[in-house]
Structures are given as C-alpha cells and as structure tokens.
Amino acid sequence: MNDTLLDTLNPEQRRAVTLPDASALILAGAGSGKTRVLTTRIAWLIQQGRVSPLGVLAVTFTNKAAKEMLARLAALLPISTRGMWVGTFHGLSNRLLRTHWREAGLPQSFQILDHQDQLAAVKRLLKALNVDTEKYEPRKVQWFINANKEAGLRAHRVEAFDPHTRRLAELYAAYDVQCQREGVADFPELLLRAYELLERNELLRQHYQERFRHILVDEFQDTNALQYRWLRLFAGPQAALFAVGDDDQSIYAFRGANTGNMAEFERDYAQGRVIKLERNYRSHGHILDAANALIARNTRRLGKNLWTEDGKGERLRLFQGYNDQEEAAFVMDEIRQLERAGASLADMAVLYRSNAQSRVLEHALFSAGLPYRVYGGLRFFERQEIKHALAYLRMLTHPDDDGALLRVVNFPARGIGARTLEGLQERARAAGTSLWQAACTAPGKLAPFVRLIEDLKRAIDGLPLAEALAQVIALSGLEAFYKGEREGAERLENLGELVNAAALFEQEREETEAEGPLDAFLAHAALEAGEHQAEAGRDAVQLMTVHAAKGLEFHTVFITGLEEGLFPHEQSFAENDGLEEERRLMYVALTRARRRLYLTFAQSRLLHGQTRCGMASRFLDELPPGALLPLNRSVPVPAPYGAAALAKSEAGLQVGQSVRHAKFGAGVIVDFEGRGGDARVQVKFGQAGTKWLVLQYANLQH
DNA sequence: GCGTGACATTTTTTT
DNA sequence: AATGTCACGC
C-alpha cells in the first residue's frame, strides 16, 4: 500500500510528500501535480501513523477544491473522511464559530452576509446615519471595511490621518455595531472572528493547536494578510504547515492576496524546506517555452522554469482580425474544423480578459449552432427568488435579522411602503430593538406580515428541511407571485431546484454538526455559490475569463482580445505592479493549454458602444518568435496597428508614456481613440485625476 | 406604493 | 450595448 501511494510520483513530488513533520513550502508550477501532492501528503501522513485523520487541517479557497481533495482522499485511504477538517477558510471558520458561538460573542443562529447582503447592510447604515452617499459611496465603504478586516484591523486600529479616512473608520465601527446587533457576520468577519476567538481564548487555542499537528494549504499565493495570520495561529508553535502555491499564478492581488506571504513563510517557517515542482505533465514544449519566456520578464519572482519530457508539439497559432467580429468568426471556424476532425467541444476553451468580450464570441458560436457554455455570471444562490426564499427562512430561525426582514417584508407586495418602514425603523431605533421586535409590539399595517411569519413558524415546525422550505415558498406567496409573472417560470423552476438542494443537503449532512438543519442550510447557501446550472456536462465549448480558467486545462485554448488596453487591461497601467499581475494572468492563460494554443487579437473592437482601435498586446512581443506560427500573411506582430496607431505615431505618443500638460501637470497616457483631428488621449494626472483630452488642443509636452 | 425614464458606469472574483 | 441606480410623477 505504501508503495502504491508513492509509486507514480516523480522524485520531487515524492520528496514533498514524504517530508518530515515540519513546515515546508512547495512551489508548484502550473500542471505539476500540485493537488496530487497535497492529497497524497495527507494520505501518506495518516497511513504512516504520523497523524490521525482528525489531526489534519487542510485549507483551500474554493469549495470545489475542498470537495475534490476529500474525494481523492477517500479514494486513497480506507477511512471515512467525515469529521475531517478539510474546507475553505470561510467554511472552517464558520464551523469553529458555530461550535463556539457563545465564546465568540455571536448568537447561536447567526447569519452570514454574502457580498450583496453586505452592500445592502452598508446602504442601510449610511441611510440611518444620514451620510452623504456621494462622498461616501456604499461600494467604497464596503470595500474599505473588507480591506481592513482582511488586513486583520478592527475599526479602532485603522490608521486614519485625514478626515475622510477617519470618517470611514467611524462608519466601519458603526457597521460592526449594526452587524453585532443584528447577529450577522460578513465573509471577512468569519475569518477575523475565528482568529480573534482563538487569539483571546487560551483554552480553545491550546485545544486546537494540540489537535492539528499538520496544516496544509492550497493556492498559498492567494492568501491575504488575515488568512496568513489565521494559519499561523492555528499552527501555533508546533504544527507543521505545508504550503503549496505558485507565485507566478498569483492573480488576485486586486482583492487583497499578498504574494509576500510566500517569501515571509519561507523565511519564518520553511527555511531549507522549499521544494520546486517544475516538471509539467500538461502541455507540450512550445507552450511551456512561451509561458517561461513571458513570465521571466517579471521581477520579484521566486523563480521556476517548467519543463516537460513531451515533445515541442505545435507552435502557438497567431491570428490578427480586422475587428472583433472577424476574430470571433475565426475562432468559430477553427472550432468547427477541430470538431469535424473529431475533437471534443468540451475540451476547447475560449478565454478573454473581461466578461464584456464574451458577447461577440457567444453570438458567433450561437449563429454557428455550436453548443457553448459561459462560466461566471449570476450564481444559483444569488438569484433574487432564491434570496427571497432564504430570507423568509432566515426570519424563521433568526427574526432579528433586519436585512432579511427588509428583503421580504413587502415581497410579494403587501402594501408596506417606505413610509411604514420609516416608522418601523424609527420605533426600533427608539426602543433599541430589532425591526421584527418593533413590528411585533406595534403591528399596525405590519400585522399581516407578523401573522404570516408566525404562521410559517407553526407550519414548518417538525417538518424536514426540504418540506419546510416548500411550505415557506408556498405560504409566503412567492410561489403565487411567480406563477403570475410572465417570466416567472424559470424562477419557479429555480425555487424547485432549491427544495431539491435542501433535500440533498439534509441527506449528506453530517449529524455531528452543532447547529440545527435550518441554520446549517442557510450557512451552506451563503458559503457555497452553487456551481452547476443546466448546460453542465454537455459537450460544449467553454467560454470564460482567464481568472475563471485558473486550475483548469483544455486540449485547445483560444486566448482572445490580445490588445494593449484590454490584455493587459488599461486599468492595470496605473496600479502598482499592475502590469506584472497582468503578465501572471497571461501566464495562467497560456498554461491552460495541453496541445494547441491560439492567440488572437483585433485591430478594432466595439467596446462600451464605441469602436476602439488597439494595437497588439505587448505580451505577444514577449513570446519567443520560434514558438509562434503566424496565420496571417503579413505578420508584423510587434508593430502597432490601425488608425489609432497612426494617430499616435503622428503625434509621437503612446500608451504608458509620460506627458506634461500646462494646467494639469505631469501624467501618463493610459488610452487613446480616434484619428487625425479627432484623436483623443486619456491621461492619468497625479493631481487632476484621469481626463480625456483632444490631442489637437491639449498641447502635451513629452 | 409603484412604475417609468433619465442617468451614469462599466477588470478580474471567491467566500 | 447593457445594466443598474435614482428621482420623479401618478
């Protein structure tokens, strides 16, 4: 058994799997068998008797990755994976907080706010405090709160040197008070609360630190400051931290991921125990050569070079289209040819930098009658009918949840408008109670609603979860409402799907869990996006952003829209290290392909309702020419294209160039459009912000 | 209380 | 082009 576990591993992988009981950093390149090493390591540790299954803590970022890990473990070991702590940061934090809700200062049935719910809560707060939402945009306030929580900072510890930031910190403090009063926790709160719980409660800390002897983390390059501290706290002085990651695939810095964690981890924990997995089992040579050459341009890398024993394979096919439609038509033609040659559509992916680009591609595929599937977009548990049904459920288990009440109090419409609600909120504020309590004590127009909730409570008492949910959907009036809607059929279907999900959830649920089935299901709904929708499993071309493609692989990959300003995205030019992140993104895109890779771009494209001209992405210049196969007759790949390029060369300006304006001062060109007398450039100035200027009149110095 | 039209606002996304 | 937000009038 021991042998079979390690048999198929290469020497580096085996070395990683069989490391002693100490912390280590595994630098795992794309396609190097990262997940395999992680799961085999756990299996090996357990098999060797170095740790019991309950002494393992394995953390991932997505539920999908956690599930896959559990499935692989179950296949490797003759043990039950039930009760093992394998999950996402948020899922595990939730588990801890549900078990120790009292010590954590939370109500037993505390509810989890997803992104939407949180934004609604912030808006409500700003309104209650009479804050000018022009000056303090809800989204920005939300971002401020989350960024600080993810840095591990509570409101009183936020450093604020200017009045605006000070005010934001006050709002952050008020927001936390509101959440506490309502008994709800947003996503970063789960982690921060779990962290603080262990930090402050010595008994609990000792308990968990003694229990978890081996802590393993996947996608370590994506951890933020709080997650890293969370890991360190769980590990304590003794546990072995096994971190697997790839700094070259860090593409989430924009949401707080801190690649610096890897260097810090090496210094503080893994000194001398760093293993690089560089052998790639996925792609042919030309693809890897291209990826290696591209990523080599980034500074501050930990350094890795992928290699394969497979041959060079096909060169990367390069196509330039006249516009986005021609580009899409090309992609479609190639797909059709490949399909005719017997390739599976599901093994082809069309990637793009931003979601807006999918439309043209979808249109082309649709017209051609090729089945396709677009990833991203609205998730199951984020749909309004689902949120409504869940909000009713929340009212039943946790009536003090003001957000849930406001969501359903007048949906379906029952004549409770802004005026009534204002009165209700006023009374709640005066009495210092939740909206629900205020509604119960002075019902007035709200009486029917209060009665409805009470009736629902009685109706579902003792029912299994799925039946209870079906009752709620029927009795709340949601069902009748959507039956009457013209486009309600799909929503009704989704509600049916939700009942199914509840039934499935109850079936699979572990009985050992501390919380009731209702709370558990609501937490599940908040933490689990609800992956698959129709279309899944069918043989269809896969359309997705490069971000969404991370972790996946395909026989054939199309990387589209390779134009300056789009990929790399113009927004990145102004950001610190923005271009390096874009390059890592391109690296991720390249390494998704096993056998065939297409790189396409268009000279002009319709964006935000207007035609914009662009030139070929600099990333194309950064690939080794020998690995490329140009498909157009003339292929001046590095040369600029189109009218806009002309305008630029006329004026001697280009994107990324520093310029000076008489009034606005120093700035950097971030975009341009039009030609001749209409040519305009977008310049980001230090003081004056970002402005569009007509080239003819701007008189820019450079 | 609810429907309508003007208006801005557009990277990437998981939990 | 498309979507969400918001103020306004019925």
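Chain letters run A, B, ... following the sequence lines, proteins first, then strands; residues in each count from 1. Heavy atoms only: backbone and side chains are in, while hydrogens, waters and symmetry mates are out. Quick caveat: nothing in here was measured; it's all calculated off a predicted structure.
Taking atom NZ on K149(A) and atom C1' on dT14(B), their separation rounds to 17 Å, with Å as the unit. Taking atom CD of residue Q111(A) and atom P of nucleotide dT15(B), one finds them 19 Å apart after rounding to whole Å. For E137(A) and dT9(B), the CD to C1' distance is 11 Å, given to the nearest whole Å. Atom CZ in F89(A) sits about 12 Å away from atom C1' in dT14(B), given to the nearest Å. Spacing between atom CD1 of I145(A) and atom P of dT15(B) amounts to 22 Å, rounded to whole angstrom units. For the pair R419(A) CZ and dC2(B) C1', the interatomic distance rounds to 15 Å; values are reported in whole Å. One atom, CD of E570(A), and another, C1' of dT10(B), lie 11 Å apart when rounded to the nearest Å. Between N224(A) atom CG and dT14(B) atom P there is a gap of 16 Å when expressed in whole angstrom units.
Remark: N63(A) is in phosphate contact with dT15(B), judged by side-chain N or O atoms under 4.0 Å from OP1 or OP2. Side-chain N/O atoms of N355(A) include one lying less than 4.0 angstrom from OP1 or OP2 on dT12(B).
For T223(A) and N261(A), the side-chain atoms include at least one donor-acceptor pair closer than 3.5 Å.
A salt bridge is defined here as a Lys NZ or Arg NE, NH1 or NH2 lying under 4.0 Å from an Asp or Glu carboxylate O, and R618(A) with E564(A) meets this definition. Between K67(A) and E528(A) there is a salt bridge, with a side-chain nitrogen of the basic residue lying less than 4.0 Å from a carboxylate oxygen of the acidic one. Under 4.0 Å is where a charged nitrogen must lie from a carboxylate oxygen, and between D247(A) and R301(A) no such pair does. A salt bridge is defined here as a Lys NZ or Arg NE, NH1 or NH2 lying under 4.0 Å from an Asp or Glu carboxylate O, and R407(A) with D402(A) fails to meet this definition.
Taking the 5.5 Å centre cut-off and the 30° plane limit, the aromatic side chain of F61(A) is not classed as stacked on dT14(B).
Taking every side-chain heavy atom of L527(A) into account, dT15(B) is the closest of dT13(B), dT15(B), dT12(B). Minimum atom distance to the side chain of F254(A) is reached by dT12(B), of the listed dT12(B), dT11(B), dT15(B). Of the listed nucleotides (dT14(B), dC2(B), dT15(B)), dT15(B) has the atom at the smallest distance from the side chain of H90(A). Closest to the side chain of T545(A), from the set dT13(B), dT15(B), dT11(B), is dT13(B). Comparing dC2(B), dT11(B), dT13(B) against the side chain of E582(A) picks out dT11(B) as the nearest.
Toward the 5' end of DNA chain B, the nearer of the two residues R255(A) and K445(A), judged by each one's closest nucleotide, is K445(A).
Residue L190(A) is out of contact with every strand shown, counting any heavy-atom pair closer than 4.0 Å. Heavy atoms of Q118(A) sit nowhere under 4.0 angstrom from any nucleic acid atom. Note on A413(A): only backbone sugar-phosphate atoms sit closer than 4.0 angstrom, heavy atoms only; bases stay farther off. Note on D114(A): nothing from the nucleic acid sits closer than 4.0 angstrom, heavy atoms only.
Cation-pi check for R255(A) over Y252(A) is met; the charged atom lies under 6.0 angstrom from the ring centroid and within 45 degrees of its normal. For the pair R193(A) and Y195(A), the cation-pi test (distance below 6.0 Å, angle within 45°) is failed.
Applying the side chain to side chain contact (heavy atoms under 4.5 Å, CB included) test between E580(A) and each of L585(A), N298(A), T259(A) identifies N298(A) as the sole match.
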| remark: Given protein heavy atoms under 4.0 Å, the one-letter contact record of nucleotides 1-10 of chain C, with B base, S sugar-phosphate only and - none, is simply BS--S-----
